[in-house]
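Below is one structure, written out as structure tokens; comments come after it.
The basis for the numbers below is simple: all heavy atoms, side chains too, and nothing from hydrogens, waters or symmetry mates.
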Amino acid sequence: MKKYIYSAITTLTAFALIIVFNFALPRMLTGDPVAMLTGLDEQAMTEEMYQYYYHALGLDLPFHKQFAMYLGSIADGTLGYSYHYNSTVAEIVAGRIGVTIQIALPAVVISSLIALWIGLYAGSRPLRLRDSIVTNSAVAVNALPSFVIAMLLLATLAYKAKLFPLGNLNSVGVGDNIALRIVDRVWHLVLPVATLVLASAPSKILYVRNLAAREAHSKYILFARARGLSEHNVRMSIAANIIRPIVAMTGISFGAILGGSVVVETLFSIPGMGMLVSDAVNNRDYPTLQGCLFVICACVVVFKLVADIFCIATSVKRGSAQ
């Protein structure tokens, strides 16, 4: 029970810090707060427009009342108002987050499965040739930034080989056939997902490899090998004992995948949350940027909480079974 309470407290603390940081972000920047919070050119605004926005944004109110207004926008689900898009931030984000999930979710699942498979393969026999090859390869790939990986894939597989499209979500004139649209969408998402997988999988592989290498020296593994247990069964035994930290790693990695989507969506011209963040920065649309950061951070915290609950629940069940 104490573990559940601790996990809940850390989650609430993280949410509180996210809210405070998002509120303070545009106010910490230099420049006119009206321009920062509307994204409009302050020189192009008349005095009447300036006073209107100054009052509408609550900048004429004390600091604590401004914070109360911001909390109210979170409580009512609007997440603020974007004067650049003339819409609530929640409506803007709702129209984009589905696209990002189509990229991020497959990338998280695929990279985690690859890490589990390769990490177990290398870590179950540490300090062997296969372990050295996997470790060195993972370190080398992990050193490549996501934008370099994306550009290499675009140059080789899209531009030269013409196996995949250069960007966007759908081809022009694909038609209304649902099956064709699904196939076309998957075809367009292969390179973006592959970029995120290649960018996130190496660190996961190294993590799983280290967990597996530590377990490979355990007495139960040495005893299993002495009894002639097959290598496949040995790896399955190791996997069963390291599954909880791997699940926690998967929940945490969702945040890194979402962060990487900013670069990937921009390079592949995909209108998701990542491109929305990039456009908000370029347009100085800080309400939209605040909303995007809040949603992304909230997703990270929620995924981490779910992973923690899973780990705690399985730990309790295992303890009671023993």
Side-chain angles (χ1 to χ4, degrees), residues 11-42 52-59 61 63-105 108 169 196 251-252 254-266 269-306:
T11 301
L12 291 175
T13 303
F15 267 119
L17 292 174
I18 291 168
I19 291 171
V20 172
F21 176 77
N22 261 347
F23 172 74
L25 178 64
R27 292 164 176 82
M28 290 188 299
L29 300 174
T30 58
D32 195 304
V34 173
M36 293 298 175
L37 289 170
T38 61
L40 302 175
D41 185 0
E42 51 193 302
Y52 168 78
Y53 288 125
Y54 193 83
H55 176 72
L57 293 168
L59 295 174
L61 298 173
F63 196 75
H64 67 280
K65 290 187 177 180
Q66 294 182 39
F67 186 64
M69 284 181 60
Y70 177 67
L71 292 179
S73 68
I74 295 176
D76 61 20
T78 60
L79 300 181
Y81 189 85
S82 170
Y83 291 96
H84 180 78
Y85 291 98
N86 289 321
S87 177
T88 63
V89 175
E91 291 177 349
I92 301 168
V93 171
R96 300 288 193 100
I97 194 170
V99 175
T100 298
I101 290 175
Q102 292 178 41
I103 303 172
L105 196 57
V108 170
L169 282 175
L196 291 177
I252 296 172
F254 190 78
I257 295 290
L258 287 177
S261 68
V262 176
V263 174
V264 171
E265 290 179 10
T266 302
S269 301
I270 296 175
M273 285 276 291
M275 183 174 284
L276 184 61
V277 170
S278 178
D279 291 341
V281 172
N282 293 330
N283 297 323
R284 297 198 309 172
D285 185 6
Y286 287 97
T288 301
L289 181 61
Q290 283 180 304
C292 291
L293 292 177
F294 176 79
V295 171
I296 291 173
C297 292
C299 289
V300 173
V301 172
V302 169
F303 269 81
K304 177 63 169 60
L305 177 63
V306 172

Mind running side chain to side chain contact (heavy atoms under 4.5 Å, CB included) on Val89 and Gln290 for me, showing each step along the way? CA-CA 9 Å; Val89 175; Gln290 283 180 304; over 6 Å; no

Ser82-Thr288 side chain donor-acceptor pair, cut-off 3.5 Å: yes

With a 4.5 Å cut-off on side-chain heavy atoms, are Ile270 and Met275 touching? no

Gap separating the CZ atom of Phe294 from the CZ atom of Phe21, nearest 0.5 angstrom: 14.0 Å

Any side-chain heavy-atom pair from Leu169 and Pro271 closer than 4.5 angstrom? yes

Look up atom OG1 in Thr13 and atom CD1 in Ile18, then write down how far apart they are to the nearest 0.5 Å. 10.5 Å

Taking every non-hydrogen atom, the tightest pair across Ser261 and Leu196: N-CD2, 4.1 Å

Might you work through the side chain to side chain contact (heavy atoms under 4.5 Å, CB included) test for Leu276 and Tyr85, ending with a clear yes or no? CA-CA 11 Å; Leu276 184 61; Tyr85 291 98; 3.6 Å; yes

Pair Phe63 and Phe23, ring centroids less than 6.0 Å apart: yes

Only one of Cys297, Cys292, Cys299 passes side-chain contact (heavy atoms from CB on, under 4.5 Å) with Val295, and that residue is Cys299

Output yes when a side-chain donor or acceptor of Arg96 lies under 3.5 Å from a complementary backbone atom of Gly272, and no otherwise. yes

Calculate, to the nearest 0.5 Å, the distance between atoms CG and CG belonging to Leu17 and Asn22 respectively. 11.5 Å

CD1 on Ile296 to CD1 on Ile97, rounded to 0.5 Å: 8.0 Å

Nearest atoms (heavy-atom pairs only) where Val262 meets Thr266: O-OG1, 2.7 Å

With rounding to the nearest 0.5 angstrom, report the CD1 to OG1 distance, Ile257 to Thr100. 12.0 Å

Kindly give the heavy-atom pair with the smallest separation between Pro287 and Tyr81, and that separation in Å. CB-O, 3.4 Å

For a 4.5 angstrom cut-off between non-hydrogen side-chain atoms, does Ser73 reach Leu79? no

Which value, rounded to the nearest 0.5 Å, describes the distance between Met273 atom CE and Ile92 atom CD1? 11.0 Å

